[in-house]
Amino acid sequence: MTYTPQAKNRGLRRVATLLAALGMLVMSSGVALMVTSTSANAAADKVGVCHATSSDSNPYVYIVVDVNSAKLKGHLMHRNDPNKRWKTDGYFSGVHHVAGQLKPDLIGSFTDTNGVFHQEDGNITASSCENHPLLATASVTFKDPTCADPSVDYTTSGSHVTFSVLSGSKTAGTTIVVRATADGGAAFATGNPSILDFHHTFGAVPTQDQCGVESPNVVTPLAPTFTEPTCDTPPSYTLPSAPVVTRKLTGPELQTKDVLGVHYVVTGSLTDGGTIDVDATPILPNIFATDPAPTSHWEHTFTTPTGCTSVSPPVVKPPVVKPPVVEPPAVTPTLVHAGLISTVTPDLRGQRGLALMIAGLLLLVAGGGLGLVRPGGQSRS
C-alpha cells in the first residue's frame with residue numbers, strides 16, 4: 001500500500017495530540033501532590049498553646065506556635081515549671097484551684113519532625129483556653145396540704161448548688177421563696193448564672209366538709225344504774241335508755257348498747273357478790289368533751305343477801321304400779337307313731353338310691369337270662 005504525504009501528516013498530528021494530553025495529566029498530578037504534601041507538613045509543624053496570664057478573670061490566651069521553635073520550648077518550660085500563679089480560689093473549666101497555686105501553660109499534643117508523638121494536654125483549641133464553669137442545676141418540689149396529710153413541706157435537688165429560704169416559711173396559706181445559689185466556679189445555664197429563686201404559695205388546709213368528713217358532735221356518757229340482789233331477786237343493772245340500739249353478744253361481754261352517740265359494753269359476773277364493769281366510748285364521728293371522759297368507766301360489786309330462809313322441798317313418794325300379767329303362747333306338739341316328736345325334714349336321697357339299686361338288679365337279671373340262650377335259638381342246659 002502506498003502512503004501519501006497527507007496521510008503521513010494526519011498520523012503525526014494524532015501522535016502529537018496524544019502526547020500533549022498525557023503531559024497535561026502528569027503535570028496536574030504532580031502539582032496536586034506537591035500542594036498536599038506542603039499542607040500536611042505545615043499542619044504537622046504547628047501546635048496550639050493556652051498561654052497563662054497574670055489575670056484570674058482572663059487566665060489564658062490562645063496562640064499557635066511552631067513545633068521546633070524556641071517559643072514552643074519556652075512554653076514547654078512554662079508548662080513543666082510554671083511562672084504564673086492563681087491569685088484567688090476558684091474553678092477553671094471545672095477544675096478547682098486555690099490562691100497561690102501554680103498556673104501552667106497548656107500544650108497541645110504533637111508529633112515532632114522525627115515522627116515521635118508527644119502526649120501533652122490533648123487537643124488544645126481556642127475554646128480550650130476559655131473558662132467553662134461547672135453546670136449548676138436546681139429544682140424545688142412543694143407539697144400542699146391534703147385531706148390525708150394536712151402538713152406542708154418542700155424538697156430540693158440539684159448539683160453544685162446551695163439552697164436557702166429567702167422569705168416566708170413552711171406554713172399553710174402563706175408564700176415561701178426558696179433560693180438556689182450556684183457554688184463557686186459553677187453557673188446556671190439560663191437566667192442569672194449565680195442565683196435561682198423558687199416562689200410558691202402553699203394552699204390552705206382542706207376543711208372537713210371538703211374532705212367529706214362529718215363534723216363530730218360532743219356527747220356525754222350517762223351513768224348506768226345497779227340493783228342489788230335480794231332473797232327473792234337476782235342482781236341487775238340498767239343502761240341509759242332511748243334512743244337505744246341493743247345487741248346481745250356471746251362470750252365475755254354481757255351486753256352492748258348504743259345510746260345518744262355512746263357505745264356501752266358490760267363485762268364481768270352478774271351474780272351475788274360478783275363485779276361487773278361498764279365501759280362507754282363515743283361512736284364516731286362523735287367525741288367526748290374530754291378523751292377519755294372522766295365518767296366513761298363504772299365498776300360495781302353486788303352484795304350477797306343475808307338472813308334468807310331456806311325452804312326444804314317436800315318429799316313425794318312415787319306410786320306403786322304392778323306389772324301386767326303376760327300369758328305364754330300355746331304350742332301344739334307333733335306326734336309320731338314311734339312315740340317321738342320330730343320336726344326334722346325327711347332326707348329323699350335314700351329313696352333315690354333304693355330306686356337306682358332296683359334298676360341295677362333288673363339289668364343284672366336280664367343279662368343273666370341272655371347268657372343261657374345258645375346260638376341258633378337254643379338255650380344251654
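Worth knowing before you read on, the calculation uses all heavy atoms, side chains too, and leaves out hydrogens, waters and symmetry mates. The shown structure was predicted, so the numbers you read here are calculated from the model rather than taken from an experiment.
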Apply side chain to side chain donor-acceptor pair (under 3.5 Å) to Ser127 and Thr125, showing your working. CA-CA 5 Å; Ser127 177; Thr125 64; 4.9 Å; no
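- Qualifying side-chain hydrogen bond (donor to acceptor under 3.5 Å, both in side chains) partners for Ser164, counting only residues two or more places apart in sequence or in other chains: none.
- Side chains of Ser151 and Lys143 form a contact here, defined as non-hydrogen atoms less than 4.5 Å apart.
- Lys103 places a side-chain N or O within donor-acceptor distance of the main-chain N or O of Ser55, the cut-off being under 3.5 Å.
- Both Val161 and Leu196 belong to a single network of hydrophobic side chains, linked directly or stepwise wherever heavy atoms of I, L, V, M, F, W or Y lie under 4.5 Å apart.
- Atom-to-atom distance recorded for Phe92:CZ and His132:NE2 is 7.0 Å, nearest 0.5 angstrom.
- Annotation for Asp272 and Pro235: closest pair OD1-CD, 3.2 Å, computed over non-hydrogen atoms.
- Residue Asp121 holds its CG atom at 8.5 Å from CD of Gln119, rounded to the nearest 0.5 Å.
- The residue from His97, His160, His96 that alone fulfils the ring-ring contact (aromatic ring centres under 6.0 Å, His included) condition with Tyr91 is His96.
- Put simply, Val152 and Phe142 are part of the same group of oily side chains (I, L, V, M, F, W, Y) that touch within less than 4.5 Å, one to the next.
- Atom CZ of Arg79 is separated from atom SG of Cys50 by 12.0 Å, given to the nearest 0.5 angstrom.
- Within the 4.5 Å cutoff, the side chain of His297 has heavy atoms near those of the Asp277 side chain.
- Between Pro224 and Trp298 the shortest side-chain heavy-atom distance falls below 4.5 Å.
- Between Asp105 and Pro82, every side-chain heavy-atom pair lies at or beyond the 4.5 Å cut-off.
- Side-chain contact check for Phe202 versus Thr171: every heavy-atom pair is 4.5 Å or farther apart.
- The aromatic rings of Phe198 and Phe163 sit tilted relative to each other, their planes meeting at an angle between 30° and 60°.
- When hydrophobic clusters are built by joining Ile, Leu, Val, Met, Phe, Trp and Tyr residues whose side-chain heavy atoms come closer than 4.5 Å, directly or via intermediates, Leu76 is not grouped with Ile124.
- A salt bridge links Asp153 to Lys170: at least one charged side-chain nitrogen sits closer than 4.0 Å to a carboxylate oxygen.
- A side-chain hydrogen bond (donor to acceptor under 3.5 Å, both in side chains) with His200 is found for one member of Thr141, Thr174, Asp144 and no other, namely Asp144.
- At a threshold of 4.5 Å between non-hydrogen side-chain atoms, the residues Phe302 and Ile276 count as touching.
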